[in-house]
Amino acid sequence: MDVMTGRLVPMPLQAARILDHVRPVLEEYGEADQATAFVNQLAAGRGGADRQREVFAHRGNLQDVVDDLADTEDSALSH
């Protein structure tokens, strides 16, 4: 949501704005490239909700969605 107008802003635009705002700190800690790649992935439509819908559509089982989320989190934490 745009804080000046109160209107909804597309997620990729808002994410890019936030990224620009925090970029100096990200660069200081060597995380700018990783954060930029993540924002680009979201902007490409490969967000978590898209993935969850795909997993659910495969068998129509919510447990598959939970399992995939846990696997994704485990993978992210191990990097």
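This structure is a prediction, so every number in the text was calculated from the model and none was measured.
Atom CG of D20 is surrounded by more than 12 heavy atoms from other residues, nucleotides or ligands within 6.0 Å. For CD of Q34, the number of neighbouring non-hydrogen atoms (other residues, nucleotides, ligands) closer than 6.0 Å is 12 at most.
Considering only residues two or more places apart in sequence or on other chains, L19 meets the side-chain contact (heavy atoms from CB on, under 4.5 Å) condition with R23, L26, A35, T36, V39.
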Report, one line per pair, each donor and acceptor closer than 3.5 Å where one atom sits in a side chain of residues 55-63; sequence neighbours left out.
from	atom 1	to	atom 2	distance (Å)
R59	NE	D64	OD2	2.7
R59	NH2	D64	OD1	2.7
R59	NH2	D64	OD2	3.1
N61	OD1	Q63	N	2.8
Q63	NE2	D67	OD1	2.8

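Here the closest heavy-atom approach between residue R17 and residue V9 is recorded as NH1-CG2, 3.9 Å.
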